[in-house]
Each structure stands twice: as structure tokens, then as C-alpha cells.
Amino acid sequence: MAKQVKVLDVTARDGLQNEPNPVSTAQKIALIEKLVRARVSNIQATSFVHPRWVPQMADAEAVAAALGRFPDVHFSALIPNLKGYERAVAAGFRNLELTMSASETFSHKNLNRSREQGFEILEQVSRAAERDGVVIRVGFAMSFHCPFEGAISTATLVEVVRSAREHGPWHIALADTDGMAFPNQVATAVKAIQEELGIPASELALHVHDTYGRGLANVLTGLEAGIREFDATTAGLGGCPYCPGASGNLATEDLVALLDGMGYETGIDMEKLLDAAEFASSFSSRPYQAHLLRAARGAACDVTERLARHLPSSQK
Ligand SMILES: [Zn+2]
């Protein structure tokens with residue numbers, strides 16, 4: 001089994017989209033620059049959703065315009081529909097994630113459409129992507145559990161993944177959006193997708209939240225099942241919109257430490273990644289809740305000190 005693992009850092013998108021405090025475009029670019037210095041080569045930079053729904057992502061075009069200075073990095077962006085696709089492609093992106101939902105109720109509540117309508121959008125986006133030479137990843141929110149419907153059965157997940165693949169050869173990201181997945185459920189789902197649909201684990205990604213502390217356990221299960229692509233956010237930014245105050249995505253530094261320690265190759269420089277984590281944590285409205293930064297640089301996690309460092313000097 002390949003020892004190379006792709007780490008997709010989604011801090012600038014998933015990590016920031018629910019943050020109550022506005023983060024400026026310049027700060028987002030500074031964060032991306034720190035990730036690039038840490039040799040993170042896959043970064044989800046923004047989301048082309050309507051600013052009314054996600055005000056924090058209203059500067060998607062401005063963020064995109066600044067990415068040209070990092071030529072060796074694979075940037076991607078999230079899109080909810082064809083309009084988002086057109087904006088993202090016009091802004092220069094060639095790797096896009098179309099967000100869909102494994103849960104019918106979450107699809108209505110979060111995307112304002114049925115799952116069926118989602119597949120119609122996938123069809124439109126797929127044809128446009130083929131025409132434009134753009135690569136799509138289909139991300140299924142609530143792949144394992146939904147705050148409205150409870151557990152999502154493996155059969156349901158297999159069905160939506162099957163339908164998605166009818167529209168294009170796209171890689172599929174299984175997102176544990178509310179962090180409620182258990183490792184045995186992840187193992188069963190990945191096995192079923194491979195066996196029933198013939199999709200190799202190398203075409204799957206796991207998008208991990210750590211709401212209940214099961215993030216690394218689910219990653220380990222994914223690794224054992226052959227998955228080699230994982231999403232995380234630096235400093236564990238982000239969250240679950242239905243669990244206010246809960247910890248966010250799995251932290252990139254915790255993910256990379258696990259992978260490094262187990263002999264997998266990510267190409268990421270841990271010391272510099274911790275610089276990025278320290279910087280990222282200054283955007284969070286919550287204390288640092290992941291592990292590595294606390295273990296390596298305890299003081300960086302002190303909320304009082306952190307706030308003091310990032311206040312303008314006139315307010316210190
Ligand atoms: Zn997420």
C-alpha cells in the first residue's frame with residue numbers, strides 16, 4: 001500500500017466559514033502563506049457560495065486573485081451549484097469540490113434542494129467541467145450521521161455515491177460533518193463502496209471533524225481501508241453548526257503527526273505547520289482544542305496571551 005498520503009488543508013474554507021469574527025482577505029492570504037511555507041501542497045482556499053449564506057466567504061474572488069504567488073500548490077475551492085462553478089472557474093480554479101449531502105433533510109436545510117436536485121446540478125457541473133478540463137471532487141456532507149435524521153445507513157451512502165459516479169469519474173469525499181461517525185461505521189462504508197461499486201479506496205477521501213474526539217480514530221480506520229486523502233484544518237478550526245462550542249475539524253497538525261509517526265509521507269514540515277496553527281488559532285473564537293500545539297508550545301494555547309498578542313498595540 002502506498003505510503004504517500006494527501007493532506008488537504010481546509011482551514012481557509014471550512015475552518016473560517018463559521019467563525020463569528022470577520023477574517024480579512026489579507027489575513028486569509030497570510031494564513032495560506034504560512035501553510036505553503038510548511039509545504040502543505042493541497043489547500044482548499046475558499047468557497048463560492050452566495051455571500052448572504054456565508055458572509056465569511058464573500059471575498060472568494062479576492063482570495064483567488066492572490067493565489068498566483070504560490071505556483072507549486074494545488075488550490076481547490078468549494079462550490080454549491082453551477083453559478084458557483086462559473087465564478088470559481090472565472091477566478092482561475094481548476095479543482096473544485098461540489099458539495100452535496102447524503103442526508104435528504106440536511107440537503108433541504110443546508111443546500112435548499114433535494115438530493116435529486118443535487119444530482120441534476122452535478123450533471124450540469126460535470127458537463128461544464130469536462131468541457132473546461134476542470135477536475136471535480138464530490139463531497140457528501142453528513143455521510144455517516146445527520147443531526148436531523150440520525151445515523152446514515154451504509155446502504156444510503158452507497159446509493160448516493162453510486163448516483164454521483166453516474167455523472168463523472170470524480171473522486172468522492174465522505175464528510176463526517178457533525179463528527180458523529182464511529183470507526184466501525186467508516187470501515188463498513190468504505191468496504192461496501194469498494195465491493196458494491198468497484199470504486200477503489202484511492203478514489204475516496206475522508207473529511208474529518210473531531211466534534212466528539214473520534215477524528216484520529218476515524219482516520220486510522222480510513223488508512224487501514226486504503227484511503228490516502230484526508231481533510232483537516234490547522235489548529236482544528238471550524239465546527240459543527242449544530243453543536244455550538246464543540247471542537248471543530250480534525251487538526252492538520254494532529255493528523256500529520258499521526259501520519260509521520262506511522263511512517264506515511266505527507267511532505268509537510270511540522271515546525272512550520274505549528275507556526276501556521278499558532279497563527280490560525282488567533283482567528284478562533286474558542287480556545288485551542290487540538291493536541292500538537294498544546295504539547296509543543298503550551299503558551300501558544302493560552303487564550304489570554306493569544307488575544308493579547310493579536311490585539312492592535314493601542315488596545316494592549
Ligand atoms: Zn467540514
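Heads up: numbering here begins at 1 and tracks the sequence. For ligands, and for the atoms within them, numbers begin at 1 and follow the listed sequence.
- Interatomic distance, Asp254 CG to Gln289 CD, rounded to the nearest 0.5 Å: 12.0 Å.
- For Glu166, the CD atom is densely surrounded, since the number of other residues' heavy atoms within 6.0 Å is greater than 12.
- Between His209 and His207, the ring-plane angle classifies as tilted under the 30° and 60° cut-offs.
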Donor-acceptor pairs under 3.5 angstrom involving side-chain atoms of residues 178-187: please list them, not counting sequence neighbours.
from: Asp178; atom 1: OD1; to: Met180; atom 2: N; distance (Å): 3.3
from: Asp178; atom 1: OD2; to: His145; atom 2: ND1; distance (Å): 2.7
from: Gln185; atom 1: NE2; to: Phe144; atom 2: O; distance (Å): 2.7
from: Gln185; atom 1: NE2; to: Ile152; atom 2: O; distance (Å): 3.4

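- The side chain to side chain donor-acceptor pair (under 3.5 Å) pairs that include a residue from residues 124-142 are Tyr85-Asp132, Glu97-Arg137, Glu123-Arg127, Ser126-Trp170, Arg127-Glu130, Arg137-Glu229, Arg137-Asp231, where partners are two or more places apart or lie in different chains.
- Applying the ring-ring contact (aromatic ring centres under 6.0 Å, His included) test to every pair with at least one member in residues 116-142, sequence neighbours left out, gives no pairs at all.
- The set of protein atoms (N, O or S) found at less than 2.8 Å from the Zn ion (ligand 1) reads Asp14 OD2, His207 NE2, His209 NE2, by chain and number.
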